[in-house]
Every structure is written in C-alpha cells, then in structure tokens.
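Notes for the one structure printed next.
Note that the coordinates shown come from a computational prediction; the quantities given were computed from them, not determined experimentally.
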Amino acid sequence: MTAAILGFALFSLLVAMAPGPDTLLVLRNCLRGGRRTGSATALGAAAGSLAWGVAAALGLAAALQRWDAAFTVVRLAGAAYLVFLGAQVLWAQRRSAAAAAVEVPDEGGQAPGAGEAFRQGLLSCLLNPKVGVFFVAVVPQFLPEGGGSALGTTLLFGAVDAAVAGVWLLLVAAGATHLLGWLRRPRVHRNLERTTGGVLVALGVGTAVEG
C-alpha cells in the first residue's frame with residue numbers, strides 16, 4: 001500500500017507541475033497581492049482537488065463522465081470562467097495603460113483579498129471536470145489488490161493529490177514572491193498581465209470547443 005501511495009504521489013506531482021489554469025492564477029495573484037494572495041489561491045485549488053477526490057470516491061465523477069450533458073455543462077461553465085478571468089486581466093491592463101497615458105491613478109488592478117483569491121482557485125479547479133476524470137482514470141491503476149475498500153483508498157488518494165497540488169502551488173507562490181521586484185517592473189508586469197490574460201482566454205476557448 002505504501003508503494004502505491006508513493007507512486008500515486010509522484011504521478012500527482014508530475015501532473016501538478018504541468019502549467020495550467022491553477023498555476024497561472026497563483027502567479028497572477030502573487031503578482032497582484034504578494035505571497036499571501038498567491039498562497040490563498042493555491043489553497044483554494046487544493047481544496048477543489050480534494051472535492052473532486054471525494055466526488056470520485058462517491059462515484060459522482062464517474063457518473064459525470066458518463067452523462068454527456070452534465071459533463072458538457074460543467075466543461076462550458078469552466079471555460080466561461082477562464083475566459084472571464086482572462087478578459088478581466090486584459091481589461092484591467094488596458095485601463096491601467098490608459099490611466100498611465102493620462103497620468104490618472106488606476107484602481108482597476110487592485111489585488112483580490114485572500115478570500116477572493118481562495119474562491120478563484122477553488123472555482124478554477126471545481127469547474128474543471130478533467131480533474132474528476134483524472135481520478136476516475138488514474139486511481140484504479142494504483143489500487144493495490146486486497147488493499148482495503150476502494151472507497152477508502154480513493155478518498156486517501158484524493159487527500160494525497162490535494163496535498164501534493166497544494167504544496168507545489170505554495171512553492172510556486174513562494175518562488176514568485178522572491179521575484180516580485182523583477183516581476184513588478186512596469187514592462188515585465190505589463191507583458192506578464194497580457195500573456196496571462198491571453199493564455200486564460202485561450203484555455204477557456206480551447207476547453208469550450210474541444211469535444
């Protein structure tokens with residue numbers, strides 16, 4: 001059982017390290033509000049991952065995967081949320097640039113509070129049905145024979161995945177914090193905001209159009 005947990009934890013780490021919406025949100029909120037805001041986003045994403053693990057253990061994720069209409073609704077809701085976040089970033093950046101041009105202080109780029117950052121991370125994960133599919137498709141590959149109930153083991157793996165994702169994203173937030181001085185240079189900040197907004201919109205559109 002220990003070997004199965006370690007193997008699953010390593011696999012979860014590799015998945016978490018692949019850049020995705022959660023990582024982009026952590027970096028963006030770190031840039032806006034510092035380590036506390038980025039860490040809150042990371043914890044929200046980890047909580048969403050844990051919720052998907054519980055759903056998979058209870059069979060909800062598998063049912064969602066089989067029920068095309070429900071899966072499509074969740075997928076499109078997640079796509080719309082990503083597009084909304086990306087458009088919000090791009091609009092704030094546009095307002096900031098316009099305000100700078102006329103030397104008027106801009107308030108459109110205010111950092112989200114810890115609660116709002118947590119909610120963004122949570123929704124980013126909860127509205128991504130691929131996380132549920134990940135549990136349904138991957139967890140059975142690590143279930144040891146005679147290792148206890150599938151429900152209990154899947155719940156355990158859900159907790160492991162949430163912990164791994166949370167720790168990785170917290171490390172991302174900590175690393176970004178050390179680079180804040182460089183990241184907040186006007187030119188770097190502007191380009192990062194535009195890139196992040198564009199990537200979030202592209203991810204949302206890609207999620208919406210994929211079959």
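Counting all heavy atoms, side chain and backbone alike, S49 lies closest to C125 at N-SG, 3.3 Å. Annotation for C30 and R35: closest pair SG-CA, 4.1 Å, computed over non-hydrogen atoms. Listed here is the closest heavy atom pair of A47 and F118: CB-CZ, 3.9 Å. Considering every non-hydrogen atom in both A46 and G166, the closest pair reads CB-CA, 3.7 Å. Shown here for A9 and V160, the closest heavy-atom pair between the two residues is CB-CG1, 3.8 Å. For the pair L126 and A51, the tightest heavy-atom approach, listed with the atom from each and the gap, is CD2-CB, 3.7 Å.
Follow the hydrophobic side-chain contacts under 4.5 Å out from L50 and you never reach L155; the two are in separate clusters. Note on L6 and M17: separate hydrophobic clusters, where clusters join Ile, Leu, Val, Met, Phe, Trp and Tyr whose side-chain heavy atoms are under 4.5 Å apart, directly or indirectly.
Judged by distance alone, with hydrogens and angles left aside, the side-chain atoms of S12 form a donor-acceptor pair with the main-chain N or O of F8 at under 3.5 Å.
At a cut-off of 3.5 Å, with distance as the only test, no side-chain donor of N29 or T37 sits close to an acceptor on the other residue.
You'll find the side chain of T41 stays beyond 4.5 Å of the side chain of L169, heavy atoms only.
Atom CG in D161 sits 10.5 Å away from atom CG in L13 (nearest 0.5 Å). Rounding to the nearest 0.5 Å places CG of D22 at 10.0 Å from CG of L122. Distance check: I5 CD1 to L10 CG gives 14.0 Å after rounding to the nearest 0.5 Å.
Checked against side-chain hydrogen bond (donor to acceptor under 3.5 Å, both in side chains), T23 has no partners two or more places apart in sequence or in another chain.
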